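Everything numeric in this text was worked out from a predicted model, so none of it was measured. Counting convention: from 1, in listed order, for ligands and their atoms alike.
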Amino acid sequence: MGAPQLQNQCINGFTPETIPAGAPFTDLLAPAVADMGYLELVPDQTILSMADPYDIDGDGISGVPDWNLIPSYITPLNGAVEQQGKYICRIGKKASVYNIFEQVCRALNQDIGIVSEFEPIDTYTHQSVTAEISNEDIQKLVFYLQTIKTPTQRNPDDAEVKRGKELFTGIGCTGCHKETLTTGYSSCESLSFQNFHPYTDLLLHDMGSGLDDGYTEGNAKTYEWRTPPLWGLGLAPLSQDGAYYLLHDGRAHSIQEAIEMHGGEATARKNSFDHLTDENQKAIIKFLESL
Ligand code: HEC
């Protein structure tokens, strides 16, 4: 009630929330946060150069940025492109949040109930209240998230991994999972003008009816999802009792299952994967596990 996050647990004396009758809802898996500093610095021009809303190149893949109004406390990147007051957002499963600063302020408020100067409305009482966290502490949280090291590929020179990477590119998975992006300027030297390998285009794609959960954030359609970065994929089970929980709600329990659930704009690439020999499919999975 009052915020998009369902508070199904609470402290003594309060009642946990349940989903109001008829309200649209979805389950979203908490994302890994070890990749955000680079992603928030990708220039808008780069994102626009990968978008192809009308599929003019005819490859079956369009891809659109999530244009949204942004809160007044957010300073857009230098050179940010504006369209009717909206900016290109990129954080989150639906790319609906502008940057880490906005994500931190919103998550403090909506996920754990801490109001700040930037998000001052208490989601329980709907009243504006005095900040419960200092701006300095918010800055520290943001800087921490900006600088968490991204996972590096473990065995890039392994022959099967190399072959898997060629096949991944060859069948066009890189139409959305773009290998290399470059950051723009940052006052933090280690983030400034860096090449990095996230395997995402930060764009929204129609992923078909199987992944349409009837829920949305920002201006994304219910069947659109932001291409998730694939770095760290092979490390994920280490923090999840050895299991995989892939796609937005964790419904896929192996890399192969996640690929099989690709639909919409990704259908042709999924079909190409299905037509590969077992050995070649294994090589792609081995490559993905190395990320
Ligand atoms: C049209 C764009 C597009 C193409 C082409 C595409 N993907 Fe994806 N991929 C996505 C999106 C979007 C998701 C997230 C969907 C969701 O969360 O429901 C995803 C998710 C994944 C995931 C799960 C990642 C995670 O952290 O949950 C894997 C693995 C993956 N893709 C591999 C591949 C492979 C291999 C190919 C080529 C056969 C491919 N993808 C082609 C857009 C694409």
Nearest-contact summary for atom 37 (C) of ligand 1 - protein heavy atom, Å = C173 SG, 1.9 Å
ask   = Which atom pair, heavy atoms only, marks the closest approach of N8 to P16?
value = O-CB, 3.5 Å
request  = Only heavy atoms count here, so choose which of L230, L246, I171 is nearest to atom 22 (C) of ligand 1.
outcome  = L230
query = Short list, please: which atoms of ligand 1 are under 4.0 Å from a heavy atom of I61?
reply = 5 (C)
task = Anything under 30° is parallel, anything over 60° is perpendicular, the rest tilted; go ahead and classify Y199 against F287.
result = perpendicular
inquiry  = Before we go on, tell me: are the rings of W225 and H248 under 6.0 Å apart, centre to centre?
reply    = yes
ask   = What do you reckon, does P228 put a non-hydrogen atom under 4.0 Å from ligand 1?
value = yes
ask   = Quick one: does ligand 1 sit under 4.0 Å from the side chain of M207, the backbone, both or neither, non-hydrogen atoms only?
value = side chain
task = Write out the residue and atom name of the closest protein heavy atom to atom 17 (O) of ligand 1, then the distance separating them to 0.1 Å.
result = H248 N, 2.7 Å
request  = Measure from the side-chain N and O atoms of N155 to the backbone N and O of D158, and report whether any donor-acceptor pair falls under 3.5 Å.
outcome  = no
query = Should the pair E102-R106 be classified as a salt bridge under the 4.0 Å nitrogen-to-oxygen rule?
reply = yes
task = Check for a donor-acceptor pair, side chain of D55 on one end and backbone N or O of D59 on the other, with a separation under 3.5 Å.
result = yes
inquiry  = Which label fits Y87 and Y98: parallel for a plane angle under 30°, tilted from 30 to 60°, or perpendicular past 60°?
reply    = perpendicular
inquiry  = If only side-chain N and O atoms count, and only distance matters, is there a donor-acceptor pair under 3.5 Å linking Q194 with T182?
reply    = no
message = Can you classify the ring geometry of F118 versus F101 as parallel (below 30°), tilted (30 to 60°) or perpendicular (above 60°)?
response = perpendicular
message = At less than 4.0 angstrom from any non-hydrogen atom of C176, what atoms of ligand 1 do you find?
response = 1 (C), 2 (C), 3 (C), 4 (C), 5 (C), 43 (C)
query = Do the rings of H253 and Y245 sit parallel, tilted or perpendicular, given the 30° and 60° boundaries?
reply = perpendicular
inquiry  = Under a 4.0 angstrom heavy-atom cut-off, which atoms of ligand 1 come close to R226?
reply    = 12 (C)
request  = Could you check atom 29 (C) of ligand 1 against the protein and tell me its nearest heavy-atom contact, residue, atom and distance included?
outcome  = L233 CD2, 3.8 Å
inquiry  = Side chain or backbone, does L247 bring an N or O within less than 3.5 Å of an N or O on ligand 1?
reply    = yes
ask   = What angle sits at atom 8 (Fe) of ligand 1 between NE2 of H262 and NE2 of H177, to 10°?
value = 180°
task = Run the numbers for me: atoms of ligand 1, each under 4.0 Å from some heavy atom of I259, listed by number.
result = 35 (C)
note = If we number the atoms of ligand 1 from 1 as shown, the ones under 4.0 Å from a heavy atom of L211 are 18 (O)
query = Which of the numbered atoms in ligand 1 are below 4.0 angstrom from a heavy atom of F168?
reply = 34 (C), 35 (C)
task = Indicate yes or no: does an N/O atom of E265 lie under 3.5 Å from an N/O atom of ligand 1?
result = no
